[in-house]
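Report on the structure given below.
Naming: A, B, ... by sequence-line order, numbering from 1 per chain. Everything quoted here is computed from the prediction, not taken from an experiment.
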Amino acid sequence: MTGDNRFIYMDNAATTPARKEVVEAMLPYMSENFGNPSSLYGIAKKSAEAVDNARAQVASAIGASPKEIYFTSGGTEADNWAIKGAAFANRDKGNHIITSQVEHHAVLHTTEWLEKQGFEVTYLPVDKYGMVSPEDVREAITDRTILVTIMMANNEIGTIMPIAEIGKIAREMGVLFHTDAVQAAGHIQVDVNELNIDMLSISGHKFRGPKGTGVLYIGKMAKIDPLMHGGAQERHRRAGTENVPGIVGIGKALELAVAEMDSESKRIAGLRDILIQKILEIPKTHLNGHPEMRLPNNVNVVFEYIEGESILLMLNRRAICASTGSACSSKSLDPSHVLMACGLPPEIIHGSLRLTIGHDTTEDDIDYVVENVRGVVQKLRNMSPLTPPELRE
Amino acid sequence: MYGEKVMDHFENPRNQGTIEDADGIGEVGNPQCGDIMKIYIKVSDDIIEDVKFQTFGCGAAIASSSMATEMIKGKPVKEAWDLSNKAVADALEGLPPQKLHCSVLAEEAIHKAINDYRTRNGLEPWEETGGHSHHSN
């Protein structure tokens, strides 16, 4: 977008706008095709067929069978269901769960709650790039371990985890393996069989689908309890009348994202590399996350001597939407747990900036963002008592 | 989350910079907490003739520094000492609850600068009444 109304959205890891084809596919299921899929008459059958169609679309996108796809209200519900469901269904086998220190709060706050219910949880450390070591997973597994849950790609720093190796280890040791693929699905190749995944969480609005939609893939072998109790929907495993328009939307969005993935991911990764290279030309700036094993859309850097909330506010005034791991921008006033786990000291974390590229981002936008980031960083550095004299202007 | 007044002082900070031959300097906060405020004052005839600030921190910290320096410039030293964090926050037309400590930081930085000036001039430092130890080094 150009001109005076320029608005540059660089927070696509937070959410994305639903694409036109998705909205159009959803619309009839909010009005004329309003039937409840559980009912028996014609109009209800249309809804049931739409849900079946979406289930097939999602299954094919991740190499699963439609019978293994369960629709949820989002990534958070999928994570909660997988982890709590596996924990309670396998209580007779053990009470130990393995996860990592850099998971999304939908996982970490769930495992913390399970600790209060008597489960034991190991939070594996990560290296400086935010990567979990598969060997650490192997060593952490005991005869009491019932679940390993490690994210496919990190939402803050974009690091892609060695999921295939971790899945292989979990399978060999006979432990259920769940992965939160909320940032990965629709952006990088995901095949549940190749990766030895038993359960996988997806969120629709991260790949231009609607908010309030998600999927939990549950492999045939995985035994887990329901989270939602009630009606017989989703083959008795997830009660509640189906969000038919949402389900149609997530199915369509994932199908399109996977069909376009090769070209679109390459284009976005190209923009990412230009953005990283140009931003790192600013002195005393460092890249967070893995330099290569990285989501195509993720840029995360720290600028020394300045604070992230100020960066965001100034960028917002220049019509750029971004995100930070600084404590000052969070309601809790806690700095990013992900950057802490990567070994960054709090004073450096405060200066972090995440820019996540999307479908609408152009090369022109990248230039505009770089120019404004450079200006804002300099303005704030001129203000900061920490800035060394040679970096002042 | 911030009002227009805060955003104005954040984008166009008043009195930003340093004073080479300052009569008093006060620094509070620490980088782990995400904010450091440094206030420089120039005093003549018991009047704050000039004041400058440097701040590392969020929007509220920068706006509070700017507003506080504006409020004490040209004022008698005692009057500057009496500037409360509440007065700074009010002048900014309010701060979000989790950001009120930023205005406290401004009050503390001014107190430190004034006591630095008093000590340099052989005067007894005034006593802090508030207990905001969180931000003192």
Side-chain angles (χ1 to χ4, degrees), chain A residues 284 302-337 339-340 343-353 372 375-393, chain B residues 1-20 22 25-40 52-66 69 95-103 105-106 109 112-113 134-135 137:
Chain A
K284 296 287 177 188
V302 283
F303 304 104
E304 290 187 44
Y305 320 121
I306 58 178
E307 190 280 321
E309 191 215 71
S310 316
I311 304 173
L312 292 197
L313 285 173
M314 284 200 178
L315 289 179
N316 183 43
R317 284 260 156 155
R318 288 147 185 81
I320 299 170
C321 308
S323 161
T324 176
S326 169
C328 305
S329 74
S330 71
K331 288 204 176 98
S332 61
L333 298 183
D334 292 326
S336 152
H337 68 285
L339 296 177
M340 294 275 278
L344 263 65
E347 62 267 34
I348 298 290
I349 295 173
H350 291 307
S352 75
L353 176 69
N372 279 281
V376 162
V377 167
Q378 189 59 51
K379 185 168 170 169
L380 290 168
R381 280 183 174 171
N382 289 344
M383 243 184 251
S384 170
L386 302 175
T387 311
E390 68 273 15
L391 292 182
R392 294 182 185 280
E393 273 175 16
Chain B
M1 85 188 218
Y2 294 131
E4 266 314 300
K5 197 94 178 184
V6 175
M7 286 311 294
D8 176 36
H9 276 263
F10 169 66
E11 271 281 346
N12 312 295
R14 282 58 143 180
N15 308 308
Q16 176 209 321
T18 60
I19 298 174
E20 286 295 313
I25 299 175
E27 184 177 321
V28 293
N30 69 64
Q32 285 81 34
C33 295
D35 37 31
I36 300 176
M37 218 176 265
K38 201 167 176 181
I39 301 260
Y40 303 76
K52 295 274 189 213
F53 81 86
Q54 286 183 311
T55 293
F56 159 82
C58 62
I62 290 169
S64 295
S65 324
S66 167
T69 55
L95 287 171
Q98 77 271 23
K99 297 290 187 178
L100 280 172
H101 75 275
C102 296
S103 59
L105 215 55
K112 271 205 167 175
H134 164 69
H135 272 294
N137 284 330

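To the nearest 0.5 angstrom, A:E390 atom CD is 10.0 Å from A:T387 atom OG1.
Side-chain contact check for A:E307 and A:S326: at least one donor-acceptor pair (N or O, by modelled atom type) lies under 3.5 Å.
Remark: B:E20 does not engage B:K52 in a salt bridge, criterion side-chain N to carboxylate O under 4.0 Å.
Interface residue A:L313: backbone and side-chain heavy atoms are both found under 4.5 Å from chain B. Contact of B:Q16 with chain A is made through the side chain alone, with heavy-atom distances under 4.5 Å. Looking at B:I36, both its backbone and its side chain come within 4.5 Å of chain A, counting heavy atoms on both sides. No part of A:R381 comes within reach of chain B, as not one of its non-hydrogen atoms sits under 4.5 angstrom from that chain. There is no contact between B:P96 and chain A, counting heavy-atom distances below 4.5 Å. For chain A, no part of B:A61 is nearby; none of its heavy atoms comes within less than 4.5 Å.
B:P31 has its side chain out of reach of A:H350: every pair of non-hydrogen atoms, C-beta onward, lies at least 4.5 Å apart. A:E304 is listed as a side-chain neighbour of A:I348, based on a closest heavy-atom distance under 4.5 Å.
Distance alone, capped at 3.5 Å, is enough to place a donor-acceptor pair between the B:S66 side chain and the B:R14 backbone.
Here A:R317 is the residue among A:R392, A:M314, A:R317 with the most heavy-atom pairs under 4.5 Å with chain B.
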